[in-house]
Every structure is written in C-alpha cells, then in structure tokens.
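Everything on this sheet refers to the single structure shown next.
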2 protein chains.
Amino acid sequence: MAYRQTNKVKEKLERKKGDIIRAAREVFAENSYQETSIKSIAQKAKIATGTFYLYFSNKEALINMIVDEMFQELLKCIKSEREKVTDSFEKLQASMEACIRLFIKEKSMAKILLIQVPGVNNAFNAKLTEIENELIKLTKEDLDELKEEGRFPGEDSLVSAMAFVGSFRQVITSWLREGQPEDLEKAFDTLMKYNLRGLGKL
Amino acid sequence: MAYRQTNKVKEKLERKKGDIIRAAREVFAENSYQETSIKSIAQKAKIATGTFYLYFSNKEALINMIVDEMFQELLKCIKSEREKVTDSFEKLQASMEACIRLFIKEKSMAKILLIQVPGVNNAFNAKLTEIENELIKLTKEDLDELKEEGRFPGEDSLVSAMAFVGSFRQVITSWLREGQPEDLEKAFDTLMKYNLRGLGKL
DNA sequence: TAAATAAGTGAACCTATGTTCATTTTATTA
DNA sequence: TAATAAAATGAACATAGGTTCACTTATTTA
C-alpha cells in the first residue's frame, strides 16, 4: 500500500544530482551566469527544466553550491599539499603548486572561479573574495613565519602576500582565457622564482 | 518657419550627454551591469527613461562607450607619464604609478574596469582583456628592452610582465573592494620594490 | 495487480526591465 | 505670435527566462 523511498532510488537521486551539478559546471564554465539558462543546464543533464527544481530550490542555490564545493575542494587540495612539507618557503610553493595542478586538472573549476563567478552579482562576489582572501591569508601566515625566522626581510607582509597571489592569478587567468602561456607548469617555475626573488628570499 | 538646431542647443545636448555618462559611471561603479537599470541612471541624471534613448541606442552602447572612454583615458595617462622618462625601469615605474594615481583620483573608473566590467558578459570581457593585454604588452616591451641592455636576466618576459601587472591588479582590487591596504600610495612603494626584486634588477 | 506515493515532465505563468511611442514641452524662425 | 520641428516625457509594450503546477510515468507495497 504505502510507498517509501528505497536505497536504490536514493542512490539514483544522488547520482542525478551529481549529473546536474556536473552539467552545470560545464555550462557555467563557458557562459556567464546570466547567459546560462536553466533550460540549457537541464538539456545537458538530460532532464526536463521542471526536474531541476526537484534538486535545487533555484538557480542561485545551484551556483552557490557549486562554488562552495569548489572552494572546499581547492582548500582541501592546498592544505593536504602543505602538510607534506614543513619549511615555510616550501609551504608557499606547495600552496600555489597544488592550486595550479588542480586548475590544470579541472579547468572548468578554474574558469568558473576566476572568470565567470565575478560576473554573478555584487553580493555573490563576496564569496569569491572570501576564497581569495583565504589564500592570501595562508600566504601571509607563511611570510610572517619567515619574517620571524629572519628569512624574509619583507616590509609589508599583507601587500607581499597579495602580490604573490595576484601574480599567479593573472597568469592563470590569461592561460584560461587566451591559452597563453601555453605551458602553465613551466610558467609556474618562472613565477615561483619571480616571487621568491620579490620576497627577497635570503 | 523652419527649425534648425542652434549652437546653444548643441552644447546643451553635449552637456546632457556628459551628465548621463557621469551619472551612469556612478551607478555602474556601485552595482553590477545587470543590477543597474536604465531607470536608475535616468533618475541620477535627472531625465526621463525615454530621454536616455535619445542619447544612446541602448544600454550596451552606453557601457561600451564608458569603457572605451576609460580605456583611452587610462592609456593616455600612462603614455604621457612614460614620455617623461627614458630609462626602461623608470618607464615601468611610471606606467604603474600613472595607473594608480588615476585610480585613486577616479575611483569609479577603477571600480568599473576592475570589478564591474568582468560581469557584463563574456563577449564584453574581451574588451577588458584587451585593456589588460595592452598594459602587459607595454610592460613586456620594457622588459625586452632591459634584457637587451643586459639589465634584466629574466627568463620569460611575458610571464614576468603578467606577474608584474597581476601583482598590482590584486592589490588595487583589494583596495577597492575592502579598503585594504588603506594607503595605496604606500603599498605602491612596497609593490614596486617587490617587482623590481622579482625581475632580478641588476 | 491495484492502490499509493514519489519522481519527472514541459507548457504556461510571472515578473522584471529594456525599449518604444503617442503626447507634451521647448526652441526656432518668419 | 503662429507655424514648425526638435527634445523630453513616462506610461505602455515586448520578451526573455526563472519558476510553478497540473499531469504523466515510475516505483513500492500489500
């Protein structure tokens, strides 16, 4: 008589939700938030537009979830790489290397975080800023540690940390948008050296 | 009998068009392109919404004109400062200093170019990329010149130029968004030193 | 197999905003 | 001042796309 959701179905729903998110990530990577319609996401996920709303309360909830997930993924990746080393200079390097590796592997993530999200709206930008600030904060902590150890003469560790992160950001963005530099891994070396000199590594 | 537009009126129209652009710059600086309505621009410019369309064919034409104007203004400012010096290191410094001075003076310009424009749409982003690329190109030219003179050992001048510009961009953006660093002029010094070390100034 | 309920569908609805246009106001000229 | 035409107005229009909902299909249980 009654009906209760069985495990098989629950798993199917989970899988479908994953499908929708995956489809949405693809679409959002190539089109701005405004230009991306629920219809196009539904099409790519092979569901009806109405079905979308069984899984997400609305469009904004979807992009929120996507960005939150990416944020977590990125942070997890960075932190796990940082744990493998102890030296603060190596931590700096590990953070950025983890970031670049992840972006190469998940280009759609990079495109969404660095290129598309800034266009959602002003309120949403706060979330992006939060991600960037987290990365800058990590960098600044490393610099302050190095400063204490007398291995970094740096004047202003916040501005230095911003310069550090900003230089990577610019190169990655150009790589995403224009495919230049072609070899991001190679550029990483140049960038790392540039920034270590910039910091005045002793 | 007939009627022909007199000079007094032509001037008035010019002034009004300027008013509209000025109003729009203010509004666009605080709200994203999508969030900015023609109504709100018209209100600020003290005209009726319909009047807007006597001066601009549509909303996109307006933002296009605004960004083009800003692009010209920025480039003019940079080039005039560059002409005052001959040394390539000084040219590098002059470019960024001109940029920062202009952004401090015209904060709404900075907000529109660096924060709001990326959110218009993907097609429009090409225009922003063009501006950035122009600045990177100038920087790269300076670096290549320094390289020839044997004053810059730099491996990859394109990546170095990106790092250079990106570090400034990050700091300016944070200043615009969060008011940090508080004193952008002071940060400029730190940044300049950072980048000169980064380049490996000999 | 039939009743019960969950999941899925896509056309229709709703709303927000860019744009238009019939009308009014302002400026020019004879 | 009257005729003419440009400039300004703002309510009305158009439409695009997010969201809803009456209906269909799929799944579970007795």
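What you are looking at is a predicted structure, and each value in this text was computed from that prediction instead of being measured. Protein chains get the first letters and strands the later ones, always in sequence-line order, with residue 1 at the start of each.
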Taking OH from A:Tyr55 and C1' from C:dG8, how many angstroms apart are they, rounded to a whole number?
8 Å
Between D:dC13 (P) and B:Lys39 (NZ): distance, integer Å
16 Å
Can you measure B:Leu54 atom CG to D:dG10 atom P for me and round it to whole angstrom units?
13 Å
Of the listed C:dG18, C:dA7, C:dT9, the closest approach to the A:Val9 side chain comes from C:dA7
Pair B:Asp68 + B:Lys127: basic N to acidic O under 4.0 Å
yes
Which nucleotide, C:dG8, C:dT28, D:dT27, lies nearest any side-chain atom of A:Lys16?
C:dG8
Is any side-chain N of the basic residue among B:Glu81 and B:Lys84 closer than 4.0 Å to the acidic one's carboxylate O?
yes
Measure NZ/B:Lys8 against C1'/C:dA27 and give the value in whole Å, please.
8 Å
What's B:Thr36 touching, base or sugar-phosphate or nothing? Going by heavy atoms closer than 4.0 Å.
sugar-phosphate
Can you measure A:Gln5 atom CD to C:dA6 atom P for me and round it to whole angstrom units?
9 Å
Does a side-chain N-to-carboxylate-O contact under 4.0 Å join B:Lys91 and B:Glu141?
no
Taking CZ from A:Arg4 and P from D:dA30, how many angstroms apart are they, rounded to a whole number?
11 Å
Considering only side-chain heavy atoms of A:Thr51, which listed nucleotide, D:dT19, C:dT9, D:dT9, is closest?
C:dT9
DNA chain C: 5'-proximal contact among B:Glu35 and B:Asn7 (nearest heavy atom)
B:Glu35
Checking all strands, does B:Thr49 fall into the base, sugar-phosphate, or nothing category for heavy-atom contacts under 4.0 angstrom?
base
Please report the distance, rounded to the nearest Å, between CD1 in B:Ile47 and C1' in C:dT25.
16 Å
Ranking C:dT19, D:dT19, C:dA27 by distance to the side chain of B:Ile38, first place goes to C:dT19
Minimum-distance nucleotide (side-chain atoms of A:Tyr53 versus C:dT9, D:dT20, D:dA8)
D:dT20
Any chance you could lay out the side chain to side chain donor-acceptor pair (under 3.5 Å) test for A:Asp144 and A:Ser157, step after step, and finish with the verdict?
CA-CA 7 Å; A:Asp144 287 335; A:Ser157 62; 2.8 Å; yes
Which nucleotide sits closest to the side chain of A:Thr6: D:dT27, C:dG10, C:dA27?
D:dT27
Take the angle between the ring planes of A:Phe168 and A:Phe188 and call it parallel below 30°, perpendicular above 60°, tilted in between.
tilted
Between C:dT19 atom P and B:Lys59 atom NZ, what is the distance in whole Å?
8 Å
